[in-house]
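Below: one structure, written as structure tokens.
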Amino acid sequence: MRVGDSVRVKATDEIGIVYKAPNEKGEIIIQVKGEKRTIQEKRIELFIAKEELYPDDYDFDIIFKSVDYRKNSKLLNKRHTPGLEINSED
């Protein structure tokens, strides 16, 4: 499984998107209904590969990051804004 793949959680039949690839324990972080969940790789199955869903240069921040995070990140890339911080977990 790769970041951006659409997957199905076998137990609940929910569809989500892979947020982080599997770690050494076989745990994958997926986003389901705006919520990030850690699930064992064996408990999910590929639904649609990311190549079928997105172009090669697609910015996954649109899916995984909040509107405020993206807006503030764009502002900080343009100029220094005193007191403005972005949290990478948004």
Side-chain angles (χ1 to χ4, degrees):
M1 307 281 168
R2 295 164 299 149
V3 174
D5 284 345
S6 178
V7 294
R8 185 179 72 82
V9 180
K10 293 177 184 178
T12 61
D13 209 35
E14 294 176 301
I15 303 296
I17 303 287
V18 175
Y19 176 69
K20 286 194 179 176
N23 63 16
E24 64 280 348
K25 296 178 184 178
E27 299 171 329
I28 295 179
I29 299 177
I30 65 170
Q31 182 166 309
V32 179
K33 299 177 184 172
E35 169 185 307
K36 292 177 181 72
R37 301 180 190 172
T38 302
I39 298 178
Q40 285 291 323
E41 185 174 18
K42 64 184 177 184
R43 300 193 186 282
I44 61 174
E45 63 186 8
L46 182 64
F47 187 64
I48 303 173
K50 75 176 194 176
E51 292 82 19
E52 296 179 41
L53 295 171
Y54 310 103
D56 291 336
D57 59 345
Y58 189 76
D59 180 14
F60 285 100
D61 280 356
I62 294 169
I63 297 171
F64 299 129
K65 302 293 183 180
S66 70
V67 173
D68 287 337
Y69 173 89
R70 293 193 327 268
K71 185 169 66 172
N72 291 340
S73 179
K74 190 174 181 180
L75 279 174
L76 287 176
N77 285 333
K78 287 183 177 181
R79 64 183 174 278
H80 173 71
T81 306
L84 182 63
E85 295 179 1
I86 56 175
N87 180 356
S88 64
E89 293 299 316
D90 284 344

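All values below come from the heavy atoms of this structure, side chains included, with hydrogens, waters and symmetry mates left out. By convention here, the first residue in the shown sequence is residue 1.
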* To do: Might you work through the side chain to side chain contact (heavy atoms under 4.5 Å, CB included) test for I30 and V9, ending with a clear yes or no?
  => CA-CA 10 Å; I30 65 170; V9 180; 3.6 Å; yes
* Quick one: pull up NZ in K33 and CD1 in I15 and give me the separation to the nearest 0.5 Å. => 10.0 Å
* **Student check: side-chain heavy atoms of M1 and L46 closer than 4.5 Å** => yes
* Look only at the side chain of K50 and the backbone of I17, and say whether a donor-acceptor pair between them is shorter than 3.5 Å. => no
* Mind checking the CD1-OG1 spacing from I39 to T12? Nearest 0.5 Å is all I need. => 7.0 Å
* Asked: When rounded to the nearest 0.5 angstrom, what is the spacing between CD in E52 and CG in D5?
  -> 9.5 Å
* To the nearest 0.5 Å, tell me how far K20 NZ sits from E27 CD. => 12.0 Å
* Does a side-chain heavy-atom distance below 4.5 Å link E14 with R8? -> no
